[in-house]
Colleague: 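Before we start, here is the structure in question, set down as C-alpha cells.
We number each residue from 1, following the sequence as shown.
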Amino acid sequence: MSERVDSSLAQPTAKSASAQASSSPAAGATSSARDNQPETRRRQPEDDDVMETDGSAARVSGQSWGGPSSALQGLLRKLGAGLDDFIPSVTNSNSRLKAILAGLKAEDDGLQLASLSELCELLSIGTEDSMSALSVDVFVPLLVQLLRREHNADIMLLASRALCHMVDAIPSSSAAIVHYDGVPLFCERLLSIEYIDLAEQALQALEKLSHEHALSILRAGGMLAVLQYVDFFAMGVQRLAVSTAANLCRGLPVECAHLVTDAVPLLSGLLNHQDQKVLENVCLGFSRLVEDFARSPQQLDMLAAYSLLPNLLRLVSGMISGSNSLGGESRVTLSDATYTMLLRTLATLCRGSPALCKQLLELDISSTLHAILVVSSDGSAQGIGGSMSRPHDQLFQLFSLANELLPPVPSP
C-alpha cells in the first residue's frame, strides 16, 4: 500500500538540476549542463515519498516537439533555471517535507518528536497552495499511527495538533483523516481522559471535522465523547465542545436517532448552564434535532424525556422584559435569533407530537405567550401594541406557536 501511495507523489528534479547548472560561475557551465541534460532530467526515486505531480514537466522535457534546435533547448533550460531562482521555496519545501517524512518513519521517539514539531510549524503557517507538495495520503496514515503511541503522550499530542493544522491548511485532508480511522482515536482520548492537553486537542480536531463529517463522528460515539466530561474543561473548551455537539445534530436521518440517544440527558442538563454561548449552542443542537425528527413523534418524545419542555419554556420566558425566568431563578439573556429559534422549536414539537402539545398546555404556556405579546422587548410599552417592537420573524413564530396550540377546527 505504501509503495502505491509513494509512487503517486513523485517530484521531477529537472528544474533544480538545471538551476544548479545555470548558476555555476564557471565560464563553460552552460555547455556542460547541455551535454549532461539527459542525466539531470532523470527522476530521483527518493522524491516519490513526498511530492505530487501530474508529470507534465517530465513530458515537456521528454518530447521532441518536432526536433527543436539546440538553441531552443538551451533557452528552455535557462527559463527553467530562472523560474527555480524566483521560487526556491518549492525545492526547499520538497526537501523539508522529505526530511520530516523520514523522521516520522523513524523508530526513535526523539526524532519523531522533532519531526512532528517541525511539521506543526510548517502547517501552522501554510496554505493550500503553499502546501501543495504535501500528500495527505502519505502523511495522514503516519500521523494516525502516531496517535496510538500510548507510551508517549507528547507524540500523541503533537500528532493531533499536526492533524488539526493540516485540516486548516488543506481542507481536503479531513476526508483522509476519516478514511484512515482517525475519528475513533480522537473519541477515545475524550472518553478516557488521561492527559487534559491531549483531550482538548482531540476535541479541537473533532470540531473541525464535525462540519463535514458529522455522521462519521456520531458512528464513532462522538456525541457522548464531546459531552461526557464537558464540566471538567475550561469555559472556552466547554463552548467548543457544545458547538461541536450542535454541529453533530445537523441533518441527522431519523434512522440514525440511536446515535444521539445516550447523549440526550447530557444535552438536556446543559440547558441550565449559566454561560450564554454554551446555552445558545445547546438550544441550537436541540432545535436541529427537533427539525430532524419533526415527522417522528416517537423520536420527539425521546428528546423531551428529560425535562426539555419545562426548560425551553423557562428560557422563552426570558423574552418578558424585567422578569426572571420561571421558578424565580436568575436567567441568562439570549439573543433575539435564539428566542426566535426556540419559538420555532416549540411549534415544531407541538405539530409533531400531540402528547407534547398537551404537556405544554399543562405547563401554562398560554400565560407565557400572553405576557410576551403584551410587553415590548424593552418593557417600555404595555398592551398588544408593545409586541410590535419585536422582530417580524419573531412575531411570526409567536403566532405560529399559538396556532399549533389551538385545537383543530372541526370538519363541517
Side-chain angles (χ1 to χ4, degrees), residues 116 120 123-124 136 139-150 153 155-252 256 258-264 266-267 270 273 275 277-278 280-282 284-286 288-289 292:
L116 284 170
C120 289
L123 289 169
S124 65
V136 296
F139 278 88
V140 169
L142 285 173
L143 294 174
V144 171
Q145 183 180 355
L146 294 175
L147 283 175
R148 297 186 172 95
R149 293 295 182 90
E150 301 285 348
I155 287 181
M156 293 189 293
L157 175 62
L158 289 179
S160 300
R161 188 170 299 162
L163 288 171
C164 287
H165 288 320
M166 189 178 294
V167 173
D168 291 334
I170 311 173
S172 60
S173 63
S174 61
I177 296 173
V178 173
H179 175 73
Y180 290 108
D181 295 328
V183 171
L185 293 176
F186 290 132
C187 293
E188 288 177 13
R189 301 294 170 257
L190 287 169
L191 289 170
S192 179
I193 298 179
E194 297 182 17
Y195 307 97
I196 190 67
D197 291 343
L198 180 58
E200 291 178 357
Q201 194 66 61
L203 182 58
Q204 290 182 25
L206 289 177
E207 192 279 332
K208 294 178 185 297
L209 296 173
S210 65
H211 296 278
E212 295 185 3
H213 304 282
L215 199 54
S216 297
I217 298 176
L218 286 172
R219 286 171 176 160
M223 179 67 92
L224 192 60
V226 300
L227 294 177
Q228 185 166 0
Y229 300 112
V230 65
D231 292 335
F232 291 94
F233 294 109
M235 185 57 65
V237 183
Q238 290 187 38
R239 294 171 180 172
L240 184 69
V242 178
S243 174
T244 304
N247 291 338
L248 298 179
C249 297
R250 184 192 296 114
L252 184 64
C256 296
H258 64 281
L259 298 177
V260 300
T261 301
D262 292 341
V264 168
L266 297 174
L267 202 61
L270 289 172
H273 207 283
D275 181 77
K277 292 184 178 179
V278 169
E280 289 186 342
N281 274 313
V282 175
L284 177 60
F286 269 116
R288 288 172 172 172
L289 288 175
D292 295 338

Colleague: Considering non-hydrogen atoms only, spot the tightest contact between Ser174 and Pro171 and give its length.
Modeller: OG-O, 3.1 Å
Colleague: Holding to side chain to side chain contact (heavy atoms under 4.5 Å, CB included), I want the full list of residues that pass it with Asp275, two or more places apart in sequence or in another chain.
Modeller: Met235, Arg239, His273, Lys277, Val278
Colleague: Nearest 0.5 Å, please: how far is NE2 in His258 from SG in Cys256?
Modeller: 6.0 Å
Colleague: Measuring from atom CD1 of Ile177 to atom CG of Leu185, what distance do you get when rounded to the nearest 0.5 angstrom?
Modeller: 11.5 Å
Colleague: Within this structure, what is the SG-CD distance for the pair Cys164 and Gln204, rounded to the nearest 0.5 Å?
Modeller: 5.5 Å
Colleague: Checking side chain to side chain contact (heavy atoms under 4.5 Å, CB included) between Cys249 and each of Leu218, Leu289, Leu284, which is the one that passes?
Modeller: Leu289
Colleague: So do the side chains of Leu116 and Leu157 get within less than 4.5 Å of each other, counting heavy atoms only?
Modeller: no
Colleague: For Ala220, check side chain to side chain contact (heavy atoms under 4.5 Å, CB included) against everything at least two apart and list the hits.
Modeller: Val183, Pro184, Cys187
Colleague: Sequence neighbours left out, what pairs pass salt bridge (Lys or Arg N to Asp or Glu O under 4.0 Å) with at least one residue falling in residues 156-177?
Modeller: Asp168-Lys208
Colleague: If you round to the nearest 0.5 Å, how far is CG of Leu267 from CG of Leu224?
Modeller: 11.5 Å
Colleague: Any side-chain heavy atom of Ile193 sitting closer than 4.5 Å to one from Phe233?
Modeller: yes
Colleague: Can you sort out the partners of Arg149 under salt bridge (Lys or Arg N to Asp or Glu O under 4.0 Å), two or more places apart, ordered by chain and number?
Modeller: Asp109
Colleague: Check each of Leu248, Asp262, Leu259, Ile217 against Met223 using the side chain to side chain contact (heavy atoms under 4.5 Å, CB included) test, and report the only one that passes.
Modeller: Leu248
Colleague: Suppose we screen for side-chain hydrogen bond (donor to acceptor under 3.5 Å, both in side chains). Which residues come up paired with Glu200, at least two apart in sequence or across chains?
Modeller: none
Colleague: Nearest heavy-atom pair of Gly251 and Asp292: which atoms, and what distance?
Modeller: N-OD1, 3.4 Å
Colleague: Does any non-hydrogen side-chain atom of Leu163 lie less than 4.5 Å from one of Leu147?
Modeller: yes
Colleague: Can you see which heavy atom on Val264 is nearest to which on Phe286, and at what distance?
Modeller: O-CZ, 4.3 Å
Colleague: Filter on side chain to side chain donor-acceptor pair (under 3.5 Å), then keep only pairs touching residues 182-196, sequence neighbours left out; what's left?
Modeller: Glu150-Arg189
Colleague: Treating Ser210 as the side-chain partner and Glu207 as the backbone partner, does any N or O pair qualify as donor plus acceptor under 3.5 Å?
Modeller: yes
Colleague: Could you report the tightest heavy-atom contact between Leu190 and Ala225, atom names first, then the distance?
Modeller: CB-O, 3.5 Å
Colleague: Would you give the length of the straight line joining atom CZ of Phe232 to atom CD1 of Ile196, rounded to the nearest 0.5 angstrom?
Modeller: 9.0 Å
Colleague: Heavy atoms, side chains only, cut-off 4.5 Å: are Leu215 and Leu252 in contact?
Modeller: yes
Colleague: How many angstroms lie between atom NE2 of His165 and atom OG of Ser173, to the nearest 0.5 angstrom?
Modeller: 12.0 Å
Colleague: Kindly give the heavy-atom pair with the smallest separation between Leu146 and Ala159, and that separation in Å.
Modeller: CB-CB, 3.9 Å
Colleague: Might you point out which heavy atoms bring Ala245 and Val226 nearest each other, and give the distance in Å?
Modeller: CB-CG2, 4.2 Å
Colleague: Output yes when a side-chain donor or acceptor of Arg250 lies under 3.5 Å from a complementary backbone atom of Arg288, and no otherwise.
Modeller: no
Colleague: Is a donor on one side and an acceptor on the other found under 3.5 Å between the side chain of Ser160 and the backbone of Gln201?
Modeller: no
Colleague: Taking the side chain as every heavy atom from C-beta outward, state whether Val230 and Leu266 have any pair of such atoms under 4.5 Å apart.
Modeller: no
